[in-house]
Amino acid sequence: MTPQQWYAQNRHLLGSQFEHFFFENILTSIPDLNFASLQAQMSFRDDDEKQRYCDFAIREGEEVRIAIEVDGYDKRGTGEGMTHAEFVDWQRRQSALTSQGWHVLRFANHDVCNEPVRCRNNIHSLLLKLRHKEAARSSHASPVPTQTREPVVAPVKNTHPTRKAKRRKKPIKQELKKMAVSAGLVAAVVLGFIFYGQPWLTNQLQNALPTSAAAAQECPNAIHWSEVRNHMGETVTTQGLIKRITYKPDVNGSPTWIEVGASFPNPDRLTLLIWDNNRPEFASQLSQNIIGDDACVMGKVSEYRGDVQIQLKDADQLNVY
């Protein structure tokens with residue numbers, strides 16, 4: 001998402017000229033800021049379950065949570081600062097954000113107008129620090145298995161060459177016997193095909209098919225989940241094993257992620273996204289342990305921050321078997 005696209009979608013949420021100025025002169029100057037992760041007027045609830053709002057919020061993964069407030073000394077337009085009650089209320093508001101895992105940055109209107117570089121540097125420094133923690137967290141969550149070497153055993157010298165020669169003959173005889181058995185089996189299959197007809201052989205082959213072929217029959221005309229990336233923007237039917245399910249009720253929209261084919265941090269995974277308002281449609285599937293089951297999915301392929309996903313809204317988009 002470009003800054004222009006974000007501003008077109010969110011400009012009506014900016015409550016003052018200072019917030020517009022903050023976006024245009026500070027946020028747009030932050031290197032590598034992902035505007036898809038930027039939210040205006042983020043809603044949250046404090047300790048008293050009171051609905052609150054934060055001017056700007058940057059959310060990337062679990063570690064990157066930055067809440068930004070653009071503050072004016074005179075909120076009421078009376079020429080005076082806040083009252084004691086307003087001061088207490090503001091502190092409770094910030095404490096609630098901090099206790100919910102947010103790093104709160106407050107910028108005075110004076111600095112927004114006169115010190116935009118200072119504001120930008122504060123945000124950028126914190127953003128880089130939290131991104132580093134997110135990367136370390138992801139790396140720690142999936143450690144690379146260490147390879148172990150088999151101990152090298154020195155060969156034992158044979159002091160009886162005649163016995164050694166005799167022992168060599170036995171494996172060769174065994175291999176010849178195995179080859180003879182294999183040839184006999186091949187001959188039996190050929191004779192069976194000749195004398196009993198093709199249906200007999202077809203039945204034998206069908207019984208030997210892997211379970212994935214049977215799964216394909218439940219999801220006709222489906223492409224493999226690993227090929228979905230090649231159909232960006234298209235509506236496809238795909239099939240794969242469910243690897244992991246994650247439900248985040250504390251994140252905006254309370255999303256549910258169903259990972260197909262591979263799981264985080266594998267970048268080639270396919271993610272099925274279900275927002276909270278659509279979650280009741282999939283109550284029957286999500287109430288069961290479907291991890292490891294085959295999923296037949298139909299939907300439009302999209303991309304979010306490099307990850308391939310399909311958003312699910314209706315129950316008929318997902319069939320688990």
Side-chain angles (χ1 to χ4, degrees), residues 1 36-37 39 42-45 49 51 57 59-63 65 100-101 134 137-138 141-142 206-321:
M1 176 182 291
S37 67
Q39 183 178 354
M42 180 194 72
S43 64
F44 67 99
R45 293 188 179 274
E49 291 299 317
Q51 188 72 48
R59 175 69 185 272
E60 299 176 4
E62 294 297 327
E63 297 292 344
R65 297 188 184 190
Q100 294 174 23
E134 179 70 20
R137 177 181 180 276
S138 300
S142 56
Q206 287 180 344
N207 293 333
L209 286 176
T211 55
S212 58
Q217 296 178 2
E218 299 288 341
C219 197
N221 302 321
I223 63 175
H224 193 263
W225 66 270
S226 61
E227 301 175 2
V228 172
R229 183 180 292 272
N230 301 325
H231 298 269
M232 201 64 61
E234 302 177 17
T235 299
V236 302
T237 300
T238 182
Q239 179 268 335
L241 289 178
I242 296 175
K243 293 294 185 178
R244 187 168 68 173
I245 301 176
T246 305
Y247 177 44
K248 288 289 185 179
D250 57 332
V251 175
N252 289 333
S254 300
T256 298
W257 294 294
I258 302 177
E259 294 170 345
V260 175
S263 58
F264 180 86
N266 191 326
D268 296 326
R269 67 190 183 278
L270 168 63
T271 302
L272 310 179
L273 172 61
I274 303 175
W275 292 111
D276 190 53
N277 57 335
N278 302 126
R279 188 177 168 87
E281 291 283 333
F282 305 91
S284 59
Q285 294 100 321
L286 296 177
S287 62
Q288 305 174 31
N289 181 17
I290 58 176
I291 297 178
D293 291 347
D294 274 289
C296 182
V297 185
M298 190 275 290
K300 186 176 181 179
V301 182
S302 62
E303 184 177 5
Y304 177 69
R305 291 167 57 184
D307 294 334
V308 180
Q309 66 178 19
I310 295 178
Q311 184 172 339
L312 303 181
K313 298 181 180 180
D314 301 318
D316 56 3
Q317 290 183 261
L318 176 63
N319 183 24
V320 180
Y321 48 92

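Starting from 1, each residue takes its place in the sequence as its number.
Among residues two or more places apart in sequence or in another chain, the side-chain hydrogen bond (donor to acceptor under 3.5 Å, both in side chains) test is passed with Gln39 by Asn252. Partners of Lys248 according to the side-chain hydrogen bond (donor to acceptor under 3.5 Å, both in side chains) rule, which considers only residues two or more places apart in sequence or in another chain, are Glu62. Applying the side-chain hydrogen bond (donor to acceptor under 3.5 Å, both in side chains) rule to Gln51 yields the partners Arg45; only residues at least two apart in sequence or on another chain are considered. In terms of the salt bridge (charged side-chain N to carboxylate O under 4.0 Å, His left out) criterion, Lys300 has no residue partners (sequence neighbours excluded).
Taken to the nearest 0.5 Å, the CG atom of Asp293 stands 6.0 Å off from the CD1 atom of Ile242. With values rounded to the nearest 0.5 angstrom, Met298 atom CE is found 12.5 Å from Asn221 atom CG. In this structure, the separation between CZ on Phe282 and CD1 on Ile245 is 12.0 Å, given to the nearest 0.5 Å. How far CZ of Arg59 is from CZ of Arg65: 3.5 Å, rounded to the nearest 0.5 Å. If you take NZ on Lys243 and CG on Leu270, they are separated by 13.0 Å, rounding to the nearest 0.5 Å.
Here the closest heavy-atom approach between residue Ala57 and residue Met42 is recorded as CB-SD, 3.6 Å. Minimum heavy-atom separation, Tyr321 to Cys296: CE2-CB, 3.8 Å.
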Exercise for review: Please step through side-chain contact (heavy atoms from CB on, under 4.5 Å) for the pair Leu273 and Ile310, ending with a clear verdict.
Suggested key: CA-CA 6 Å; Leu273 172 61; Ile310 295 178; over 6 Å; no
Name each donor-acceptor pair under 3.5 Å that joins a side chain in residues 222-234 to protein atoms two or more places apart or in another chain, with its distance.
from, atom 1, to, atom 2, distance (Å)
His224, ND1, Ser226, N, 3.2
His224, ND1, Ser226, OG, 2.7
Arg229, NH2, Pro267, O, 3.2
His231, ND1, Glu234, OE1, 3.1

Side-chain donor-acceptor pairs of residues 283-290 under 3.5 Å, sequence neighbours excluded:
from, atom 1, to, atom 2, distance (Å)
Gln285, NE2, Leu318, O, 3.3
Ser287, OG, Ala283, O, 3.0
Ser287, OG, Ser284, O, 2.9
Gln288, NE2, Ser284, O, 3.1

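Listed by first and then second residue, the disulfide bond (SG atoms under 2.5 Å apart) pairs that reach into residues 250-295 come to none, sequence neighbours excluded. Evaluation of the side chain to side chain donor-acceptor pair (under 3.5 Å) test over residues 253-278, restricted to residues two or more places apart or in two chains, returns Arg244-Glu259, Thr256-Arg279, Arg269-Asp307.
Counting heavy atoms from C-beta on, the side chains of Val297 and Thr237 never come closer than 4.5 Å. Ser302 places a side-chain heavy atom less than 4.5 Å from the side chain of Gln309. In this structure the side chain of Gln311 never reaches within 4.5 angstrom of the side chain of Tyr304, judged on heavy atoms.
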